[in-house]
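Below: one structure, written as structure tokens.
First listed ligand is number 1; within each ligand, the first listed atom is number 1. Excluded from the calculations below are hydrogen atoms, water molecules and symmetry mates; all remaining heavy atoms, backbone and side chain alike, are included. Since the model is a prediction, treat every value here as computed from it, not as a measurement. Throughout, residue positions are numbered sequentially from 1 according to the sequence presented.
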Amino acid sequence: MKGKLIVFEGVEGCGKTTQMLQTSEWLQNLGFSVIVTREPGGTELGLQLRRLLLEKSDDKPIVSKTELLLYSADRSQHVEQELLPNLASGKFILCDRYTDSTVAYQGYGRALDMNLIHQLNEIATGGLNSDLTIWLDVEVEVGFSRKKRDGLGLDRIEQEKIEFHRRVRQGYAELYASHPERIVKIDGSLSKEAVQAEIQQILTDKLKNWVNS
Ligand code: T5A
């Protein structure tokens, strides 16, 4: 079987990271070779870009178009250095955020030109799409109440106004409506166990097709 790219998406605190790690463990127990990675920050260069992107700096705000270019640069490096080689060697890649984040955050959130975003996504990925994208949908307030409970503070993007994050969620809803062949939606407000059970069910069905393809 060829390698597969499975992406986890959603607003802040939707539970992506938690679910991605549990899914990795489950797939490994089934005998698959799995790597987990993320954007931004899935490479050495990407870690530096992640810091630039998420650190709060009031006196030197990042211009929206620069922000878009930095996320694209991170993705370009990540695709070449991590995703393509691991897919070629037949691995399952579980990735925390990918191209849909740019559409949702820079497109819907920042209202940047959608054609420009699609062009940059195409350039950065060379046309590599996910085999499956799992969108964990929660109300923005639910995600932030989880983050508040964690007490870790908010990064530059998390500190945007609530309306920004509502537009991001709307962006995911529109992406889901446009790409039902690629994106599945799960109610991220359910318990961690219930969300994981749904993910395992979806992947069990997918695996039947993938193994035979
Ligand atoms: N970004 C990214 C862009 O603007 N454009 C882009 O192109 C890309 C790629 C990246 C930031 O960059 C932006 C989006 C982001 O702002 P990130 O690393 O993805 O940041 O950070 P977050 O999205 O903030 O990820 P978090 O790790 O904070 O949130 P997660 O992964 O959604 O949530 P998780 O699993 O860490 O859980 C958060 C808390 O909730 C609990 C967990 O235990 C944890 O305490 N939790 C639940 N509680 C109750 N019920 C459940 N079902 C729960 N699931 C998790």
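The number of heavy atoms from other shown groups lying within 6.0 Å of NZ (Lys56) is above 12. Glu82 CD: more than 12 foreign heavy atoms inside a 6.0 Å radius.
In this structure, Arg110 is not positioned above the aromatic face of Tyr105 in the sense of NZ or CZ being under 6.0 Å from the six-membered ring centre and within 45° of the axis.
In this structure, ligand 1 sits under 4.0 Å from heavy atoms belonging to Glu12, Gly13, Cys14, Gly15, Lys16, Thr17, Thr18, Glu39, Pro40, Arg50, Leu54, Tyr71, Arg75, Arg97, Ser101, Thr102, Tyr105, Gln106, Arg146, Lys147, Arg149, Asp150, Ile157, Glu158, Gly188, Leu190, Ser191, Lys192.
Tested against Lys206, the residues Leu132, Asp131, Val211, Val184 include a single side-chain contact (heavy atoms from CB on, under 4.5 Å) partner, Leu132.
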Point to revise | Tyr98/His78 under ring-ring contact (aromatic ring centres under 6.0 Å, His included): CA gap, chis, key distance, verdict | key: CA-CA 10 Å; Tyr98 192 52; His78 191 215; 7.5 Å; no
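Between Trp135 and Tyr172, the ring planes are parallel. Angles under 30° get that label, and only those over 60° would be called perpendicular.
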